[in-house]
J.: 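Sharing a structure with you now.
Order of the sequence lines fixes the chain letters, A, B, ..., with proteins taken first and strands second; residue numbering starts at 1 for each chain. All values below were derived from every heavy atom in this structure, side-chain atoms included, with hydrogens, water molecules and symmetry-related copies excluded.
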Protein chains: 2
Amino acid sequence: MKVRQLTFRLLQVYADVVRTGSITATANRLHLTQPTVSQQLKRLREIVGEPIVRQEDSRVVPTEVGQALYQLSQDLLSRADVFSQYLDEYNRGGRGHFSIGLVNTAQYVLPRLLGPFGQANPQVDVTVEIGNRQQMLNRFERHEDDLYVFSHPPSDDAVMAAPFLSNPLVVVGPENNRWANINDLTMEALKEERFLLREPGSATRHTFDAWLYSAGIELHSTQQIASNEAIRLAVASGMGLAVLSRHVVADSPKGVQELPLQGFPLKSRWHFVVRRERRLPPAAYRFLSFVQGVLALEFNETEGELAVAELLRTLDTERR
Amino acid sequence: MKVRQLTFRLLQVYADVVRTGSITATANRLHLTQPTVSQQLKRLREIVGEPIVRQEDSRVVPTEVGQALYQLSQDLLSRADVFSQYLDEYNRGGRGHFSIGLVNTAQYVLPRLLGPFGQANPQVDVTVEIGNRQQMLNRFERHEDDLYVFSHPPSDDAVMAAPFLSNPLVVVGPENNRWANINDLTMEALKEERFLLREPGSATRHTFDAWLYSAGIELHSTQQIASNEAIRLAVASGMGLAVLSRHVVADSPKGVQELPLQGFPLKSRWHFVVRRERRLPPAAYRFLSFVQGVLALEFNETEGELAVAELLRTLDTERR
DNA sequence: TTACACCATAGATAATCATCTATGACTATA
DNA sequence: TATAGTCATAGATGATTATCTATGGTGTAA
């Protein structure tokens, strides 16, 4: 058999001829003329190298080889069809894979979005990458993921960012600390305290530093700790105060307490970040839609919803 | 996906590109130029409606969709390949089906050929049809079988016949009958006996009638019985004498005995009969070859072997 | 025996395919 | 920064394909 020349079209036509038992009938069904179908059969026969049908009592019936070929056709065509359905589902985003890179703090909230999304889309497979800002920037540079969440989007022309969720930064101290109930507490009053800070380059640190600078305050004692979790534990054990995302604290508030500091919480927001030129996997697109749908309702983030809607719109226009 | 336009050639090329990870390498392997392969990919991509490969570190790697497509390709190609192998095997005659129509008497010998053939060719499926001469002629007229065994081939221009096995007709009587040990026994001596005969039209009957006619003998008492087996039993129970194929007697000799009649056994032969215009299934051809191979050795039928060899030769030249 | 239904073949044509050569862009390496 | 290797695109061409209309053969059913 000359497999090279075999076409799905031929198999389709052939299968229909076997089913109807008539060349003319197939021609009508497929909106072709009878000679066209005759010739397709002839060509298929040449490809196979063996008679595949014969005339019998005014019906066209497959030969022994023809029957085997018919089964093959059914098999191949249905497999192609399954693939076609997979493609549709993939394009609808209901199936497939995407990867999302999260900056550390975001790992405390994203599960609240990814979880329900995963429930609703069991066929979608999400890879979550987590790292500090620098690590994520590296991944971003190397195009390693489809979607990122940053507090401060990388400044890159090829980037689209949508701030979707506020990330309030609060000052926390150990549980039942002495400032907890003071009104009009200011940073001025705390500047002698030791502050446990994330590394420079982390968004939390950057935001806090900027605020301190603009407020003209300099801290006396600081210690650098590279993980939100470690900082939280250190605060709980009385090593000092810290600035953390309120989400970090909300996630497991044991042993720490937010201080009612004036000017706080500092406002900051997480952004979805995608590359302009990268074709977003439909599943990732679907995730963004999903998020857009729940932001206002479940997170009271009307602004975020708008930003994501805008992002989706842009993606739509850029797509294909 | 535009399944209509999908070609096995495209899948072959694509699969190779995925395997090698290089368009140039595939071009060389398939004796094409690099742009040709590039364009094939492009076309496949258009058919699928989705990017299927991307460049990554000087390698061509499939996208997510591409991977699914690759699996599909493998699957489809290997199925086509299996079919191709089936075709080869079918053409070699080692696989497939044929039907053979036997005239009654032949059923006593043909198993000795069909049995070993079936053993040697377990993938070949044989349908054996059995009937009296008239029934077989009807089947023959209606082209119902691929191959026939007749004692007297139908006289038809469209027929090829090869006498392959002698079918000696003998006169039998009950065991230990009074003629058994007489020398120079002639039909003349027996003509007062009752003869149990097959129906007119049966080959055995026809041969015997012809012999009687040429010998100028008329039987006094006859009875017609339509089955060799029934005749054998009737003879055994003393109802009369009969003319039967020696093979019938040899098959189950209980209760009957061959008479040493002058001029007997009558010579007759079985013929393989095929229609000229009918394309013989390879399996049937293989059966004939098989028979040709054993005739001289196992049946001492040198003439038969030659006749079958001649038949095979003719089939060869007429084939395709 | 005449119609009719069905299929095959011939001949024509526009589209598409399979290829090639030439060339340009990009990337990794010497 | 040359250089070599890998792809993509453009343009050309002969072969093949998908189709059609027209016509002729064959067998079945009035």
J.: Whole Å only: how far is the CZ atom of B:R4 from the C1' atom of D:dT17?
T.: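 Distance, rounded to whole Å: 12 Å.
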J.: Among residues at least two apart in sequence or on other chains, which ones pass ring pair (Phe, Tyr, Trp, His ring centres under 6.0 Å) with A:F164?
T.: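 Counting only residues at least two positions away or on another chain, A:F164 forms a ring pair (Phe, Tyr, Trp, His ring centres under 6.0 Å) with A:F272.
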J.: Give A:V60 one of three labels, base, sugar-phosphate or nothing, depending on what nucleic acid heavy atoms sit under 4.0 Å from its own.
T.: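 It contacts sugar-phosphate atoms only.
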J.: Just compare C:dT19, C:dC17, D:dT19 and give me whichever is closest to any side-chain atom of B:Q5.
T.: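 Selected nucleotide (nearest to the side chain): C:dC17.
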J.: Is the distance from OP1 or OP2 of C:dC7 to the nearest side-chain N or O of A:T24 less than 4.0 Å?
T.: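 Yes, because at least one side-chain N or O of A:T24 sits under 4.0 Å from OP1 or OP2 of C:dC7.
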J.: Under 3.5 Å, which protein N or O atoms sit close to an N or O of nucleotides 24-30 of chain C? Give each pair with its distance.
T.:
none

J.: What contact category does B:T33 fall into here, base, sugar-phosphate, or nothing, at under 4.0 angstrom with non-hydrogen atoms?
T.: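 B:T33: base contact, heavy atoms under 4.0 Å.
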J.: Using atom types as modelled and distance alone, determine if a side-chain donor or acceptor of A:S202 lies under 3.5 Å from a backbone N or O of A:R205.
T.: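 Indeed, once roles are kept as given, a pair shorter than 3.5 Å links the two residues.
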J.: I'd like to know if the side chain of B:H271 reaches the main chain of B:A162, judged simply by a donor and an acceptor atom lying under 3.5 Å from each other, with no hydrogens or angles considered.
T.: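 Judged by distance alone, no pair lies under 3.5 Å.
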J.: With 3.5 Å as the limit, what N/O pairs link the protein to nucleotides 8-14 of chain C?
T.:
unit_1, atom_1, unit_2, atom_2, d
C:dA8, OP2, A:S38, OG, 2.8
C:dA8, N7, A:Q34, NE2, 2.8
C:dA8, N6, A:Q34, OE1, 3.3

J.: Choosing from D:dT19, D:dT17, D:dC20, which nucleotide comes nearest the side chain of A:Q40?
T.: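 When the side chain of A:Q40 is considered, D:dT19 is the closest of D:dT19, D:dT17, D:dC20.
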J.: When the distance from CG of A:L30 to C1' of D:dC20 is rounded to whole Å, what number comes out?
T.: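 A:L30 atom CG is separated from D:dC20 atom C1' by 16 Å.
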J.: Work out which heavy atom in A:A15 is nearest to a heavy atom in A:Y70; give both atom names and the distance.
T.: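 In this case the closest contact between A:A15 and A:Y70 is O-CE1, 3.6 Å.
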J.: Show your reasoning for whether side-chain hydrogen bond (donor to acceptor under 3.5 Å, both in side chains) applies to B:Q34 and B:S38.
T.: CA-CA 6 Å; B:Q34 168 263 312; B:S38 280; 3.2 Å; yes
J.: Looking at B:H97, is its backbone amide N or carbonyl O close enough to the side chain of A:E64 to form a donor-acceptor pair, meaning the two atoms are under 3.5 Å apart?
T.: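 Looks like yes, one N/O pair under 3.5 Å.
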J.: For A:H31 and D:dT19, give me the distance from atom NE2 to atom P, rounded to whole Å.
T.: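 Atom NE2 in A:H31 sits about 12 Å away from atom P in D:dT19.
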J.: What class does the angle between the rings of A:Y90 and A:Y86 fall in, given that below 30° is parallel, 30 to 60° is tilted and above 60° is perpendicular?
T.: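 Ring orientation of A:Y90 relative to A:Y86: tilted.
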J.: Please report, rounded to the nearest Å, how far the P atom of C:dA15 is from the CZ atom of A:R9.
T.: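 Nearest whole value for this atom pair: 18 Å.
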J.: Using the six-membered ring wherever Trp is involved, compare the ring planes of A:F8 and B:F8 and label them parallel, tilted or perpendicular (cut-offs 30° and 60°).
T.: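 The arrangement is parallel - the two ring planes meet at less than 30°.
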J.: Just the rounded figure in Å: distance from C1' of D:dC20 to CG of A:N28.
T.: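 So the two atoms are 15 Å apart, to the nearest Å.
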J.: Counting N and O atoms only, with roles assigned by atom type, does the side chain of B:Q71 sit under 3.5 Å from a partner on the main chain of B:A68, one being a donor and the other an acceptor?
T.: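 Here the side-chain-to-backbone pair does not exist.
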J.: Output the rounded distance in Å from CZ (A:R45) to P (C:dC7).
T.: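 Distance check: A:R45 CZ to C:dC7 P gives 17 Å.
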J.: To the nearest angstrom, how far is B:L32 atom CG from C:dC17 atom P?
T.: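 Computing the B:L32:CG to C:dC17:P distance gives 16 Å.
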J.: Among C:dT19, D:dC7, D:dC20, find the nucleotide with the atom closest to the side chain of B:S22.
T.: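 Taking heavy atoms from C-beta onward, the closest nucleotide is D:dC7.
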